[in-house]
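First up is the structure itself, then whatever we jot down about it.
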Amino acid sequence: MKESWSAFDTFEPHFRPLVVIELAKDTKEETKEWLIQRIVDKKKNGGAQLLVKPLVKEDGGKIDGNQNLYLVGASHLRLLLGAETVGLVKECNDNSMRTFTYSSRNTFKDFAEDNHDFLTMAERQYIIKHEFENLRARDERMIPGYPQAKLYPGKSIMRRLLTNGILLQIFPLHDTEELKKLRYTWYGQVKISYQPLDEIRCYFGETIALYFGFLEYFTFALVPMALIGIPYYVFAWEDYDKYVMFASFNLLWSTVILEVWKRCCAIMTYRWGTLLMKRQFEEPRPGFHGVLGINSVTGKEEPVYPSIKRQIRIYLVSLPFVCLCLYFSLYVMMIYFELETWALDFHEENESYFSNLMLFVPSIIYAVVIEMMNRVYRYAAEFLTSWENHRLESSHQNHLILKVLVFNFLNCFASLFYIAFVLFDMKLLRQSLATLLITSQILNQFVEALLPYWLQKRHNKKVKKRVYSIKVDTDLSLFEQVNLEKEMGTYIGTFDDYLELFLQFGYVSLFSCVYPLAAVFAVLNNITEMYSDALKMCRVFKRPFSQPTENIGVWQLAFETMSVISVVTNCALIGLSPQVNSIFPDSKTDLILIVVLVEHILLALKFVMAFVIPDKPRDIRIKLARLEFESLEALKQQVWATHLGEQMY
């Protein structure tokens with residue numbers, strides 16, 4: 001029997017703060033009282049039935065400057081019922097994975113009524129986030145105290161508070177003791193070992209853990225390329241005839257690693273339970289706006305925005321802007337080639353050590369300019385995608401990723417394609433690839449990890465001085481923790497991290513046959529990336545909310561698209577090699593036809609391999625099929641019992 005929401009009170013003898021709410025300093029008292037009442041009110045009354053506690057002194061007085069900070073928690077029973085609501089999947093006593101239900105709670109491994117650690121802290125915070133997102137207006141037509149902040153039945157209260165600047169931020173608190181343990185096992189020891197992915201998942205959630213799992217897998221997948229590349233570099237540095245073998249191995253490698261990753265991903269997400277989680281109906285994203293209307297699917301009142309207006313914005317504004325940016329990128333590329341010509345002429349005239357160094361200056365400048373253009377364009381792409389006003393977050397992300405990937409691909413690789421297939425200069429291609437790869441890696445490490453860490457450390461010292469200057473009688477560690485964390489930067493997601501790996505995969509799979517050390521530098525970069533990203537997650541940013549996921553999403557398609565392009569590129573490089581050209585000394589047409597034929601055969605082989613290699617291991621497919629069968633049988637029994645009950649009455 002399903003437990004009723006009214007069967008328990010919100011009282012909890014040992015309040016454990018999980019989430020922090022920060023309101024604007026000028027928030028009106030009636031707004032605070034109304035919001036807190038809605039959060040603590042029972043579910044039957046439209047509340048979230050959570051626990052709220054302001055940051056207060058021991059005598060009950062609020063601390064100056066922190067009147068708008070509130071700690072949010074929930075009772076153990078409330079969290080268990082919330083776990084059933086969001087559809088969390090947990091391991092049973094028979095080692096199978098099943099959707100958690102409160103009525104069958106005793107069948108789950110490690111469950112006990114007094115075991116408050118049955119749910120991970122990340123899962124508890126995710127449940128609270130889910131309740132906040134589903135805290136909706138009932139009869140209210142506006143936020144109390146703010147007539148301009150309109151509400152309507154079914155409107156998300158938290159989203160309206162955020163868009164009107166009343167609610168500044170909601171963030172989950174760190175667990176200081178667990179974080180210390182995680183930091184020690186993750187990056188506190190300098191040793192060659194696997195990352196503690198299960199511990200990362202328990203603390204940060206599946207999305208973050210899956211990124212680090214992919215980073216680790218990709219690094220190991222690069223090792224064979226690196227091992228082949230080192231002797232290849234040593235013994236065949238100037239002999240470009242021998243890159244045919246390396247390019248051939250590249251073709252196979254880029255396909256196999258992505259197919260094997262799908263299986264590894266399925267194993268991890270099944271163990272974590274997210275492979276079985278049912279997709280929930282996607283609500284409109286917070287930034288979506290339009291005229292109030294009725295959703296034809298749900299029948300609920302919500303903003304409605306004509307699709308034709310969105311299409312006009314995409315095709316008449318966003319698309320021309322992206323094309324203009326691509327043109328500008330090509331223009332900058334041509335300036336780079338002029339600098340290369342100048343550096344080469346300078347070297348031929350002077351023939352010195354300094355002139356030899358000058359040969360690398362244009363590539364270094366171009367690499368820095370590429371990084372700057374990528375970051376500026378990213379802001380423009382985010383603005384345009386928000387302006388397009390997509391209803392769903394998934395649609396918003398897909399359009400943003402498409403814009404960014406197209407520009408980044410052209411910006412980073414156009415010069416390499418031009419050198420390889422227009423100038424036919426393999427020596428310059430090797431030099432440009434090496435410079436672009438190494439410079440971008442150094443810049444990314446500095447901008448994404450070292451600089452934020454240094455700035456955050458400086459800021460923390462200022463915050464600590466301010467905290468200690470306030471004489472408080474409450475738990476100083478909690479007070480200090482909340483004030484430190486609320487000033488930390490917000491982790492915006494894994495977008496930039498995956499983008500960096502995507503571009504790295506492009507450098508390695510497209511042209512590494514002419515620069516065999518590309519994979520070596522990629523491995524070294526990724527090892528340091530693991531440590532710097534771990535440091536970033538634990539010390540620089542606020543703790544992000546957990547987000548269950550079953551795979552790396554649209555990035556899987558992006559990597560697979562890059563692997564298809566790599567097949568075409570490597571076939572073309574093989575066709576350009578003197579070794580292959582010597583076979584067709586008289587007829588270039590025959591050579592082109594043979595290269596195109598081989599490329600089509602390899603693409604067909606690639607898709608056959610993708611079809612033949614199952615995305616999920618056999619044992620997981622059997623377990624999933626068994627669960628589906630049991631669900632259908634349970635549904636039949638439920639229908640039969642209902643039908644029998646109707647006949648009896």
Side-chain angles (χ1 to χ4, degrees), residues 221-259 409-410 412-437 502-522 559-610:
L222 284 166
V223 170
M225 290 283 287
L227 292 177
I228 295 173
I230 292 173
Y232 193 90
Y233 164 78
V234 173
F235 298 111
W237 176 243
E238 296 293 346
D239 188 359
Y240 297 110
D241 287 4
K242 295 186 174 64
Y243 69 57
V244 173
M245 293 298 295
F246 199 91
S248 302
F249 177 77
N250 214 337
L251 293 171
L252 181 66
W253 173 84
S254 62
T255 300
V256 171
I257 64 165
L258 294 176
E259 294 305 317
F409 181 85
L410 187 76
C412 294
F413 301 117
S415 61
L416 301 179
F417 278 100
Y418 186 84
I419 295 168
F421 303 119
V422 178
L423 301 180
F424 305 111
D425 190 340
M426 295 303 163
K427 187 175 182 179
L428 179 59
L429 177 62
R430 181 192 68 203
Q431 175 188 312
S432 299
L433 175 60
T435 309
L436 289 174
L437 177 63
F502 171 78
L503 296 176
Q504 186 187 93
F505 179 67
Y507 284 127
V508 173
S509 62
L510 294 177
F511 299 105
S512 64
C513 59
V514 296
Y515 183 62
L517 288 186
V520 177
F521 283 110
F559 277 87
E560 289 175 353
T561 304
M562 181 67 83
S563 71
V564 171
I565 298 172
S566 75
V567 170
V568 179
T569 304
N570 281 277
C571 284
L573 287 172
I574 291 171
L576 290 174
S577 69
Q579 191 176 1
V580 174
N581 269 265
S582 62
I583 303 174
F584 302 93
D586 301 321
S587 177
K588 296 300 179 184
T589 305
D590 291 345
L591 173 60
I592 293 171
L593 291 174
I594 291 294
V595 169
V596 171
L597 177 62
V598 170
E599 173 253 323
H600 278 65
I601 293 173
L602 288 172
L603 283 176
L605 180 63
K606 175 182 173 60
F607 291 119
V608 168
M609 288 175 62

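Residues: numbered from 1 along the sequence shown.
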So, for K606 and V567, which heavy atoms are closest and what is the spacing to 0.1 Å?
-> CD-CG2, 4.2 Å
At their closest point, which heavy atom of W253 faces which heavy atom of A221, and how far apart are they?
-> NE1-O, 2.7 Å
If the plane angle is over 60° it's perpendicular, under 30° parallel, otherwise tilted; pick one for F421 and F511.
-> tilted
Do you know which two heavy atoms are closest between S254 and S566, and how far apart they sit?
-> OG-OG, 3.4 Å
Distance (rounded to the nearest 0.5 Å) between L429 CG and L576 CG = 10.5 Å
Partner set under ring-ring contact (aromatic ring centres under 6.0 Å, His included) for F409, not counting sequence neighbours | F413
Nearest heavy atoms of L503 and C412, plus distance in Å = CD1-SG, 4.0 Å
Test side chain to side chain contact (heavy atoms under 4.5 Å, CB included) applied to V596 and I594, L593, I592, the passing residue = I592
Heavy-atom distance under 4.5 Å between the side chains of I228 and P516, does that happen here?
-> no
Taking the side chain as every heavy atom from C-beta outward, state whether V564 and L603 have any pair of such atoms under 4.5 Å apart.
-> yes
List for me each residue that meets side chain to side chain contact (heavy atoms under 4.5 Å, CB included) alongside A414, sequence neighbours excluded, and say none if there are none.
-> L330, M333, L410
Please name the pair of heavy atoms, one in L436 and one in S415, separated by the smallest distance, quoted to 0.1 Å.
-> CD1-OG, 4.0 Å
Rounded to the nearest 0.5 Å, how far does CE of M426 lie from CG of L433?
-> 12.0 Å
Search all heavy atoms of L573 against all heavy atoms of A420 and return the closest pair with its distance.
-> CD2-CB, 4.3 Å
Going by heavy atoms in the side chains, are L428 and L423 under 4.5 Å from each other?
-> yes
Residue pair V520 / Y515, side-chain heavy-atom distance below 4.5 Å = no
So, do L222 and F505 sit near enough that their side-chain heavy atoms are less than 4.5 Å apart?
-> no
N570 side chain to S509 backbone, donor-acceptor under 3.5 Å = yes
Taking atom CZ of F502 and atom OH of Y507, what is their separation to the nearest 0.5 Å?
-> 11.0 Å
Euclidean distance, R430 CZ relative to T435 OG1, rounded to 0.5 Å | 10.5 Å
